[in-house]
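Right, one structure below, let's go through it.
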Amino acid sequence: MKSKTFSVCLVLAVMVILAVCAFFVRVGATADAVVVLKTSGMTCGSCIAKVTKALQSERGVASTEVDLEGGWVIAGYDSKQVAPEKLAKKVVATGFASTIQTVLTPEQFKKITGRDIGKQSAT
């Protein structure tokens, strides 16, 4: 009897944990657009983490990349869920100056960089 009760409780606990995790996971987040933001004021890894966290908290953002030295923030996003202006405002809200440099399709981004959005080059 104790074994059966324990098993039922364990199954219920696992189901609750999976349900909570599913709530926080962005299911099927895909990028149909890429925004390149010129951003200034970033000086360290903490700045990168701050900007990345802010952008990835936005619904519709599939991937982010931050180039600290160049001052670039690149985000792949679903244009049906979020506008590039909103993403620039998210970066500004973290304390950095940021303006939209350009908006591309993922295909244009790949043609320019030779890689898919979200896939860092292996250099």
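Heavy atoms only: backbone and side chains are in, while hydrogens, waters and symmetry mates are out.
Judged purely by atom type and a 3.5 angstrom limit, Lys38 has no side-chain atom pairing as donor or acceptor with the backbone of Ala97. For Lys50 (side chain) and Thr94 (main-chain N/O), a donor-acceptor pair under 3.5 Å exists by modelled atom type.
The heavy-atom pair separating Val35 from Tyr77 by the smallest distance is N-CE2, 3.7 Å. The two residues Asp32 and Lys80 come nearest to each other via the heavy atoms OD2-NZ, 4.0 Å. Pairing each heavy atom of Ser98 with each of Ala88, the nearest pair is CB-O, 4.1 Å. Closest non-hydrogen pair, Gln56 versus Thr64, comes out as NE2-OG1, 3.2 Å. When all heavy atoms are compared, the tightest approach of Leu55 to Ala75 is CD1-CB, 4.4 Å. The two atoms that bring Pro106 and Ala33 nearest to each other are CD-N, 3.9 Å, heavy atoms only.
Under the 4.5 Å side-chain heavy-atom criterion for ILVMFWY residues, no single connected hydrophobic cluster contains both Val92 and Ile100. By the criterion of side-chain heavy atoms lying less than 4.5 angstrom apart, applied directly or through intervening Ile, Leu, Val, Met, Phe, Trp or Tyr residues, Leu68 is grouped together with Val73 in one hydrophobic cluster.
In this structure, CG in Leu37 is found 7.5 Å from OG1 in Thr99, a value given to the nearest 0.5 Å. With values rounded to the nearest 0.5 angstrom, Ile112 atom CD1 is found 5.0 Å from Leu104 atom CG. Summarising the geometry, atom CZ belonging to Phe96 is positioned 7.0 Å from atom OG1 belonging to Thr43; distances are rounded to the nearest 0.5 Å. Atom CD1 of Ile48 and atom CE of Met42 lie 7.0 Å apart (nearest 0.5 Å).
A heavy-atom distance below 4.5 Å is not found between the side chains of Val82 and Arg59.
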